[in-house]
Structure formats: structure tokens, C-alpha cells
Amino acid sequence: IFSIVVFGSIVNECYVNKDSHEPQLLCIFNENESACSYGIAVGIIAFFGCIFFFVVDLYFQQISSVKDRKRAVLLDLGFSGFLSFLWFVAFCFLANQWQRTTMSKGVSQGADAARAAITFSFFSIIVWVALAVKALQRYRLGTDMSLFATDQFATDPNAAYPGYPTGSGIESTETYQSPPFTETLDANPKGYQVPAY
């Protein structure tokens, strides 16, 4: 959502006419086209990355390969860390260019959108750092629980599956117990005769 706010506000309101005589659109951030382009690019990358990793999270339990699960978590960790860095650069770049912007009539019309883009760039840093930390925790949880480990399998491909561990080998000699809350039964029930051999 933050990425939509950033690139949406830049696309919609951060391009203004320099003056009423020239219809040329210029970026509101100190007339630096790179600032607007960078904000839009990072916002779009973050948006599509969110969609991709949302789908990966939905199907994560259905991934049967241990290596593929590990790759998915590492990709999430790397992408979240990388986007945290990109949002940090976007925040610094947009804030710096906004600070250098001289106010005019056109600039004042898009000032709220520029401030929104800067603010939500900052919020995006926090969100993506939190996502990177969650991905790191998921990776550590997976390695602690042997989710990604393959050492439980034999290294020889022709080796048999080890099977379940066996007990002590001593079988119990106890007979079945009578069910609770029942009357004691006669040794020889009525109507039953013990055969004589």
C-alpha cells in the first residue's frame, strides 16, 4: 500500500508546469527528473515484489522440496533487505531534492503529494526492514527445526530408509483390564458349559 501511495502521488501530482507560458511538465523535486523516476521505479518494484512474495507465501506449505523452500526464504530475505536499502535511498534522495526546491505556484499545488511521497518512503523503510527481520527469523526457525536440513537422510542413494526406532524388545505380559464401571463377571457365565476333555 505504501508503494502505491509513493508512486501514485508522484505520477499524479508531482509533475507540474514550469509556468503558465510553457506547457512542459517538470518534476516537482527541484526539477530533477531522476528523483521522480527513482521514486516511481522503486514503488513499482516494491508493488510487484509484494504480489510475488504474497503468492509464494500462499503456496509455501505446498513446496515439497527442501532446497526450494530454502531458496524461497533466502530470496525473500535478500529481496526485503535490498528493498529496505532502495527505500532508504529514495527517502534521502526525495527529501534532499524537496529541501532544495524553490516554492512557486505550481510547486505549492503538488506540495502535499511530494510530502506524502517522502513520508511513505520513510514508512516503507520500516516495513521492509521488518519484513527482512521476519524472513531472517523464518530462515533461522527452519534451520533449527531441520526444515531445510538433509542430514536425516542417508548420504548413499542406494541405502535403505532407516525406519522407526525399536523398543526394548520385551513384550508386556499383562492381559486386558476390565472396563471401568462394570459389574464383576462370573467365571462361568450362565448357559455356558465348560467342555470336558
Side-chain angles (χ1 to χ4, degrees), residues 1-16 26-101 103 107-153:
I1 294 175
F2 291 169
S3 62
I4 294 172
V5 171
V6 172
F7 78 79
S9 62
I10 292 174
V11 167
N12 287 330
E13 295 185 34
C14 288
Y15 284 98
V16 294
L26 296 173
C27 181
I28 200 171
F29 294 100
N30 197 25
E31 298 181 5
N32 187 349
E33 182 64 31
S34 298
C36 287
S37 298
Y38 185 79
I40 292 169
V42 172
I44 291 173
I45 290 169
F47 178 72
F48 286 118
C50 284
I51 292 173
F52 174 75
F53 284 107
F54 180 72
V55 172
V56 168
D57 283 344
L58 288 178
Y59 290 107
F60 186 75
Q61 296 299 326
Q62 297 175 358
I63 299 173
S64 60
S65 173
V66 174
K67 289 181 180 180
D68 290 342
R69 281 186 176 205
K70 184 176 181 179
R71 286 183 191 134
V73 172
L74 286 175
L75 183 64
D76 187 14
L77 177 63
F79 186 77
S80 299
F82 181 65
L83 265 180
S84 300
F85 173 74
L86 289 181
W87 279 118
F88 176 74
V89 171
F91 170 72
C92 293
F93 189 30
L94 293 177
N96 185 354
Q97 292 301 309
W98 180 247
Q99 186 179 14
R100 295 180 180 183
T101 302
M103 284 302 211
V107 171
S108 62
Q109 290 176 352
D112 290 339
R115 289 186 194 105
I118 293 168
T119 303
F120 282 95
S121 294
F122 178 75
F123 292 153
S124 296
I125 297 168
I126 298 168
V127 169
W128 283 99
V129 167
L131 289 173
V133 168
K134 290 296 275 184
L136 181 63
Q137 288 175 346
R138 190 178 205 182
Y139 178 74
R140 287 183 178 169
L141 179 69
T143 54
D144 289 345
M145 294 178 61
S146 301
L147 178 66
F148 304 133
T150 56
D151 57 351
Q152 70 264 22
F153 302 113

Acceptor/donor pairs from residues 111-118 side chains to any protein atom, 3.5 angstrom cut, sequence neighbours excluded:
residue : atom : partner : partner atom : Å
Asp112  : OD1  : Arg115  : NH1          : 3.3

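Counting heavy-atom neighbours within 6.0 Å of Ile1 CD1, excluding the residue itself, gives a total of 12 or less. Within 6.0 Å of the CZ atom in Phe88, the count of heavy atoms belonging to other residues, nucleotides or ligands does not exceed 12.
Residues passing the side chain to side chain contact (heavy atoms under 4.5 Å, CB included) test with Val89 are Tyr38, Phe85, sequence neighbours excluded. Under the rule for a disulfide (SG to SG under 2.5 Å), Cys50 has no partner lying at least two apart in sequence or in another chain. Listed by chain and number, the residues in a side chain to side chain donor-acceptor pair (under 3.5 Å) with Ser9 amount to none (sequence neighbours excluded). For Gln109, the side chain to side chain contact (heavy atoms under 4.5 Å, CB included) criterion is met by Lys105, not counting sequence neighbours. The side chain to side chain contact (heavy atoms under 4.5 Å, CB included) test applied to Ile45 returns Phe79, Leu83, not counting sequence neighbours. Residues satisfying the ring-ring contact (aromatic ring centres under 6.0 Å, His included) test with Phe52, not counting sequence neighbours, are none. Looking at residues two or more places apart in sequence or on another chain, you find a side chain to side chain contact (heavy atoms under 4.5 Å, CB included) between Thr119 and Phe123. Contacts of Arg100 classified as salt bridge (Lys or Arg N to Asp or Glu O under 4.0 Å), with partners at least two apart in sequence or in another chain: none.
Contact check for Leu141 versus Gln137: no side-chain heavy atoms found under the 4.5 Å cut-off. Residues Val6 and Trp87 form a side-chain contact, since some pair of their non-hydrogen atoms from C-beta on lies under 4.5 Å apart. Using a 4.5 Å heavy-atom threshold, the side chains of Asn30 and Trp98 count as separate.
Residue pairs meeting the side chain to side chain donor-acceptor pair (under 3.5 Å) criterion with at least one partner in residues 120-133, sequence neighbours excluded, are absent. Here salt bridge (charged side-chain N to carboxylate O under 4.0 Å, His left out) pairs that include residues 73-83, with residues two or more places apart or in two chains, number zero. Sorted by first and then second residue, the salt bridge (charged side-chain N to carboxylate O under 4.0 Å, His left out) pairs with a member in residues 47-65 read Asp57-Arg138; sequence neighbours excluded.
To the nearest 0.5 Å, atom OH of residue Tyr139 and atom CG of residue Leu77 are 9.0 Å apart. Note that CG of Leu94 is 10.0 Å distant from OG1 of Thr101, once rounded to the nearest 0.5 Å. Rounding to the nearest 0.5 Å places CD1 of Ile126 at 10.5 Å from OG of Ser84. If you take CG on Leu136 and CG on Leu131, they are separated by 12.5 Å, rounding to the nearest 0.5 Å. Here the OG-CD distance, from Ser34 to Gln97, works out to 8.5 Å after rounding to the nearest 0.5 Å.
Between Phe91 and Ile125, the closest heavy-atom pair is CB-CD1, 3.9 Å. Of all heavy-atom pairs spanning Gly81 and Ala132, the tightest one is N-CB, 4.0 Å.
Looking only at distances, no side-chain donor or acceptor of Arg140 sits under 3.5 Å from a matching main-chain atom of Ala135.
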